[in-house]
Amino acid sequence: MAKACDRIEWDFLIVVLNSMGFSQKWQTLVHSCISSVSFSVLLNGSPCQKFIPQRGLRQGDPLSPYLFIICAEVFLGILIKAQENKTIHGIKIARRAPSISHLFFADDSLIFCRDSSNDANAIKNILDLYQVSSGQLINLDKSEISFSRNASAERKILFQGWMQIKAVEFFQHT
């Protein structure tokens, strides 16, 4: 995700809290916490007029990582539903093992699928839906795609074109 905490839409977060069963009192408290911040920028050493953000979570606030995880649960739910509906297909590490369609690490995600146009379109639609709903953006500059050794060069080029992400042999840790 690009600037994960800066882009979360407050309305989205409140809807998610509501759908997860958090009480109205808790939702109001969270909204008060995230919307009570103001910023002022120093210009030539002097503070400018304060401004109030309209979205985002405060970095450094102890509550923010938990709120981010709650929002990421929506992304997780969309991926799980797509796998259950067989819209996307994960990978298996053994014949009798369950399919794995994703792994999450903080604001990083690994998504596994077949090299088919159906899976590519489904993943693109999932990412678009989550971005529009949450305000989050996928950081395409830091995104990478890797293929199994069985994928043909033609399929790799086609799939990379659908996803608009650079192809790599091995993932880089940054």
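If you read the sequence from its start, that first residue is 1, and numbering goes on from there. Owing to the predicted nature of the structure, the values given are computational and were not obtained by experimental measurement.
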Short side-chain to backbone donor-acceptor contact, Asn85 and Thr87, under 3.5 Å: no
Could you name each residue pair satisfying salt bridge (Lys or Arg N to Asp or Glu O under 4.0 Å) that touches residues 31-55, not counting sequence neighbours? Glu9-Arg55
Membership question, hydrophobic clusters at under 4.5 Å side-chain separation (ILVMFWY): are Val37 and Ile34 in the same one? no
Assigning hydrophobic clusters by single linkage (Ile, Leu, Val, Met, Phe, Trp, Tyr; side-chain heavy-atom cutoff under 4.5 Å), is Leu29 placed with Leu67? yes
Straight-line distance of Ser99 OG to Ile93 CD1, nearest 0.5 Å: 10.5 Å
If only atom types and distance count, is the side chain of Asn18 paired as donor or acceptor with the main-chain N or O of Ile14 below 3.5 Å? no
Indicate if Leu17 and Ile69 have the same hydrophobic cluster label, given that clusters are the connected sets of ILVMFWY residues with side-chain heavy-atom separations under 4.5 angstrom. no
Note: Ser35 and Ile52 closest approach over all heavy atoms is O-CG2, 4.3 Å
Do Arg58 and Pro53 make a side-chain contact, defined as non-hydrogen atoms from C-beta onward lying under 4.5 Å apart? no
SG (Cys71) and CZ (Arg7) are apart, to the nearest 0.5 Å, by 13.5 Å
Honestly curious: do Tyr66 and Phe12 fall in one hydrophobic cluster under the side-chain, below-4.5 Å linking rule? no
Side chains of Ile126 and Phe75, heavy atoms from C-beta outward: is any pair under 4.5 Å? yes
Do any N or O atoms from the side chain of Ser38 and from the backbone of Phe51 form a donor-acceptor pair under 3.5 angstrom? no
Atom pair CD1 (Ile138) and NZ (Lys124), whose distance is rounded to the nearest 0.5 Å: 9.5 Å
Excluding sequence neighbours, so at least two apart, what forms ring pair (Phe, Tyr, Trp, His ring centres under 6.0 Å) with His89? none
Phe68 vs Gln136 side-chain heavy atoms within contact, under 4.5 Å: yes
Shortest non-hydrogen contact from Leu42 toward Pro47: CD2-N, 3.6 Å
Side chains of His31 and Leu13 in contact at under 4.5 Å (non-hydrogen atoms): no
If I take atom CG from residue Leu129 and atom CD1 from residue Ile78, how far apart are they, to the nearest 0.5 angstrom? 4.5 Å
Would you say Leu57 and Trp26 are hydrophobically clustered, going by side-chain heavy atoms of ILVMFWY under 4.5 Å? yes
How long is the straight-line distance from CG of Leu137 back to CD of Gln131, given to the nearest 0.5 Å? 5.5 Å
So Glu73 and Val16, do their side chains get closer than 4.5 Å, heavy atoms only? no
So which atom in Trp10 and which in Gly56 form the shortest heavy-atom distance, rounded to 0.1 Å? NE1-O, 2.6 Å
Mind checking the NZ-CD1 spacing from Lys142 to Ile165? Nearest 0.5 Å is all I need. 15.0 Å
Heavy-atom side-chain contact between Phe147 and Ser152 under 4.5 Å: no
So for atom CG, which belongs to Asn121, do other residues, nucleotides or ligands contribute more than 12 heavy atoms lying within a distance under 6.0 Å? yes
Just jot down the ring pair (Phe, Tyr, Trp, His ring centres under 6.0 Å) partners of Phe105, sequence neighbours excluded, or say none. none
Report yes if the side chains of Ser134 and Val74 come closer than 4.5 Å at any heavy-atom pair, otherwise no. no
Lys92, NZ atom: more than 12 neighbouring heavy atoms under 6.0 Å: yes
Show the nearest heavy-atom pair for residues Asp141 and Lys166, with the distance to one decimal. O-NZ, 3.5 Å
